[in-house]
Amino acid sequence: TKKSKLITKRLIDLLLLLFSAPIILPVCVLLAILVKLTSRGPILYGHKRVGKNGKIIKCWKFRSMYKNSQEMLEKILKEDPAMREEWERDRKFVNDPRVTKFGKILRKTSLDELPQLFNILKGDLSIVGPRPVIEAETKIYGKYKDMLLSVKPGLTGFWAANGRSDTSYKRRRAMEIYYVKKRSLFFDIKIILKT
């Protein structure tokens with residue numbers, strides 16, 4: 001049944017967290033120290049995302065951008081038409097000037113996302129699911145918005161494990177919806193192994 005599948009998925013999330021904790025917790029402590037030593041500002045960054053059934057959740061990451069990144073973004077969008085076009089198309093920059101030197105390493109290795117394990121523990125995220133989106137991005141999903149928000153977002157997912165930064169947003173949308181339609185325990189295991 002649907003309920004038993006959800007319970008099984010939650011149990012797998014918690015078991016994976018439990019088994020990985022002895023390795024991940026010391027890594028998190030080390031990364032927290034390095035974030036603090038390499039740039040001014042808080043260690044963690046909480047970003048508002050849309051979770052299951054449209055619930056607003058705060059996804060935690062190690063801060064990889066400069067403290068004044070929002071002001072930097074506004075300046076870039078105002079003064080650089082090419083970068084503004086890139087932002088409007090992809091919601092990101094290939095070479096983002098707002099990212100710190102250590103932040104680049106964190107992002108390249110996806111280690112900036114380790115604090116999201118606390119989101120999984122809390123129950124806002126699952127290990128596998130569509131990547132959590134911001135409110136503005138839900139509009140891009142059009143008629144598929146409700147389908148996307150019918151499941152818990154994930155730390156990793158079909159799109160995240162297959163191309164991620166190298167795909168267009170249109171392709172991302174298609175891959176995320178494909179996952180929601182085809183999700184199963186076996187599919188989740190495949191995605192975890194691919195990640």
With distance as the sole test, does [X] use its side chain to make a donor-acceptor pair with the main-chain N or O of [Y] at under 3.5 Å?
X	Y	value
Asp112	Gly103	no
Asp13	Ile120	no
Glu86	Val94	yes
Arg131	Gly154	yes
Arg107	Lys104	no
Lys9	Val128	yes
Asp80	Ala82	yes

Ionic contact status for Glu176 with Arg172, cut-off 4.0 Å:
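Glu176 and Arg172: salt-bridged.
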N-O pairing of Lys55 and Asp124 below 4.0 Å:
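Result for this pair is yes, salt bridge flagged.
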Any chance you could measure [X], atom [atom1], to [Y], atom [atom2], to the nearest 0.5 Å?
X	Y	atom1	atom2	result
Leu106	Met65	CG	CE	12.0 Å
Leu34	Phe62	CG	CZ	9.5 Å
Leu121	Leu14	CG	CG	7.0 Å
Lys101	Ser64	NZ	OG	15.5 Å
Ile76	Met83	CD1	CE	5.0 Å
Cys59	Arg49	SG	CZ	6.0 Å

Heavy-atom closest pair, residues [X] and [Y]:
X	Y	value
Leu148	Pro130	CD1-CB, 3.6 Å
Val180	Ser150	CG1-OG, 4.1 Å
Val35	Pro42	CG1-O, 4.2 Å

Using side-chain heavy atoms (C-beta onward) and a distance below 4.5 Å, is [X] in contact with [Y]?
X	Y	answer
Arg10	Lys152	yes
Leu149	Lys52	no
Leu155	Glu113	yes
Pro26	Leu30	no
His47	Lys61	no

Would the number of heavy atoms belonging to other residues, nucleotides or ligands and lying under 6.0 Å from [atom1] of [X] be above 12?
X	atom1	answer
Arg171	CZ	no
Phe118	CZ	no
Asn95	CG	no
Glu85	CD	no

Extract all donor-acceptor atom pairs below 3.5 Å that involve side chains of residues 132-144 and protein atoms in other chains or at least two apart in sequence.
{"unit_1": "Glu137", "atom_1": "OE1", "unit_2": "Ile134", "atom_2": "N", "d": "2.8"}
{"unit_1": "Glu137", "atom_1": "OE2", "unit_2": "Tyr169", "atom_2": "OH", "d": "2.8"}
{"unit_1": "Thr138", "atom_1": "OG1", "unit_2": "Glu135", "atom_2": "O", "d": "2.6"}

Flag yes if [X] and [Y] sit in one hydrophobic cluster, no otherwise; membership is Ile, Leu, Val, Met, Phe, Trp, Tyr, and two members link when side-chain heavy atoms are under 4.5 Å apart.
X	Y	value
Ile191	Leu125	yes
Val27	Leu25	no
Ile23	Leu16	no
Ile127	Leu185	yes
Phe102	Phe93	no

Taking the six-membered ring for Trp, is the centroid-to-centroid distance between Tyr179 and Phe187 below 6.0 Å?
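Distance test on ring centres: under 6.0 Å, yes.
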Distance-only polar pair, side chains of Ser39 and Arg63, donor-acceptor under 3.5 Å:
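Checked: Ser39/Arg63 side chains pair up, N/O donor to acceptor below 3.5 Å.
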Enumerate the salt bridge (Lys or Arg N to Asp or Glu O under 4.0 Å) contacts for residues 25-48, please, sequence neighbours excluded, ordered by first and then second residue.
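The answer is none; no pair qualifies.
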Can you check side chain to side chain contact (heavy atoms under 4.5 Å, CB included) on Leu117 and Leu17, steps first, answer last?
CA-CA 7 Å; Leu117 295 172; Leu17 279 181; 3.6 Å; yes
Evaluate side chain to side chain contact (heavy atoms under 4.5 Å, CB included) for Lys78 paired with Arg84, printing each intermediate quantity in order.
CA-CA 8 Å; Lys78 196 173 156 184; Arg84 185 175 62 239; over 6 Å; no
